[in-house]
Amino acid sequence: MTLLDIFPSLRSGMPSRLDSAVWPRDTHYDGDGRITLGGVALADIADQYGTATYVLDEEEVRSRCRTYHKAFPEAEIIYAGKALMIRAVAEWVTQEGLSVDVCSAGELTIALAAGVDPARIVLHGNGKSFDELQAAVRSGVGRVVVDSLTEITLLSALATTPQRVLLRLSPGIDVHGHPAVRTGVLDQKFGFPIGSAMAAEAIDRIMRQPNLTLIGFHCHLGSQIYDPDHYGEAVRRMVGEMARVREDHGVIVTELDLGGGHAVAYRSGDAEMNLPELADVIEDALDAACARHHFPRPSIALEPGRAIVARAGVTLYRVLSIKHIEGGRTYVTVDGGMSDNPRVALYGARYEVVVANRHPCGPHMTATVAGRYCEAGDILATDVRLPADLRPGEVLAVPCTGAYHHSLASSYNSVGRPPIIAVRRGRTRELVRRETTADLLARDIGL
Ligand SMILES: Cc1ncc(COP(=O)(O)O)c(C=O)c1O
């Protein structure tokens, strides 16, 4: 018999801590007050696989894919693999009918190893090397998103059959966010400024290459965008550019890839992108822009990464120590930190943290969750509410950590990167094993 059995009313306080905007939808408390994901208690995962550990809810990933199809029945949905590129995820999203975007030969290899049809792979990157372009052409990737004039030369030398390409344009739209994630502005490293002489030169050069086929344009406005109107503006500008190509070259390009960047909530109450609203805005903008330019409707592609996998991921840590600084903060140090989650240090990202091995009913304290790495800035969450009686050994869970966590992770301080454990229907499956010191030593060939 647990406290929850005796006082069922306690449950009413729980949902706010497990907001489905932030946690996978199949997150619950079990009879012992422990948090479960996909039918598995997080505390059991911590016991079995150790900590720090990434947990990934397969059904959540799949259902996010379906949500996109429902909201955009006619668009191509291309999963941006940079958010989390592992074989299992590439396989799941492909089974759900998504294409896959890769931005390196490594991601390409993983996608191919997962059985993704090369024709459904899109290659990105502002710095594609000769080898990467060669690997892409040889494997038959469906589209290459051209990002520089040099790349056009290399690609045309490599392609033996007509390679379909999109040209990446920066549409001059400022979504106002962290400077590192504003990729729609003109002065930046990605793409060609829309309407610029350099963009015209790129279009011209591609058109002159018999083994390159310009099928359309691509833009990516940035990250964590919750205002759909930015995409409406992008559609208007990009369709205008498509019409200009028709005027200048007599060619109608047919694809418009609007990139990703759809916001998710990292904490309860954070703004997130409303997909049906986004769909309406894109539709209206397309109707208006195509009518204005008497231009045939292009096919639309979207490239969500974060919005597919972020909310499927939860990271587990164990509390190592608790330190009350006199006149200062209370620091809860855990066995992970900036190596498995560099987003706090990189972008000032904020997270929720909850105790996962019990449902705390008593008083809470305000605490700062610190990582174990030798950097004063290695803080996972500042001023979060945790049980006042928290003890070393307890399991903390951080939701919304499925995107740009594993893929950005490092082995700083020679601590191996965490495993990824999938949950589904009450079972766990290890998708990526923990990086060991033996792995690190195997690369160190200096003696
Ligand atoms: C070209 C491109 N497409 C798609 C994405 C995915 O963005 P998000 O994960 O925010 O949806 C990115 C992210 O940087 C990107 O650079």
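Numbers here are sequence positions counted from 1. Counting starts at 1 for both ligands and their atoms, following the listed order.
- A donor and an acceptor atom, one from each side chain of Arg372 and Tyr317, are nowhere located under 3.5 Å apart.
- Between Gly305 and ligand 1, an N or O atom pair is found at a separation short of 3.5 Å.
- A salt bridge is defined here as a Lys NZ or Arg NE, NH1 or NH2 lying under 4.0 Å from an Asp or Glu carboxylate O, and Arg143 with Glu76 meets this definition.
- Of the possible donor and acceptor atoms, one in the side chain of Ser104 sits under 3.5 Å from a partner among the backbone N and O of Glu107.
- In this structure, Phe190 falls outside the shell of residues with a heavy atom less than 4.0 angstrom from ligand 1.
- The proximity of Asp101 to ligand 1, defined as any non-hydrogen pair under 4.0 Å, is limited to the side chain.
- Counted by atom type alone, Thr94 and Arg120 present zero donor-acceptor pairs between their side chains at under 3.5 Å.
- With a 4.0 Å cut-off on non-hydrogen atoms, Arg306 touches ligand 1 through its backbone as well as its side chain.
- Using a 4.0 Å cut-off between charged side-chain N and carboxylate O, Glu60 and Arg25 make a salt bridge.
- Looking only at side-chain heavy atoms (C-beta outward), Glu283 and Asp280 stay at 4.5 Å or farther from each other.
- For ligand 1 and Ala80, the ligand atoms under 4.0 Å from any heavy atom of the residue are 4 (C), 5 (C), 6 (C).
- Of all atoms in ligand 1, listed by their number and element, those nearer than 4.0 Å to a heavy atom of Glu303 are 1 (C), 2 (C), 3 (N), 4 (C), 5 (C), 6 (C), 11 (O).
- When the heavy atoms of His124, Arg168, Lys82, Gln224 are ranked by distance to atom 15 (C) of ligand 1, first place goes to Lys82.
- Between Gly260, Ser407, Gly261, it is Gly261 that holds the heavy atom closest to atom 10 (O) of ligand 1.
- Taking the six-membered ring where the residue is Trp, the centroids of Phe192 and His218 are separated by 6.0 Å or more.
- Per-residue contacts place Pro304 under 4.0 angstrom from the following atoms of ligand 1 (heavy atoms of the residue considered): 11 (O).
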Steps toward salt bridge (charged side-chain N to carboxylate O under 4.0 Å, His left out) verdict (Asp270, Arg350):
CA-CA 10 Å; Asp270 284 356; Arg350 308 278 314 265; over 6 Å; no
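- Those atoms of ligand 1 that come under 4.0 Å of a heavy atom in His218, given as number and element, are 1 (C).
- Every atom of ligand 1 with a heavy atom of Tyr404 under 4.0 Å away is listed here by number and element: 6 (C), 7 (O), 8 (P), 9 (O), 13 (C).
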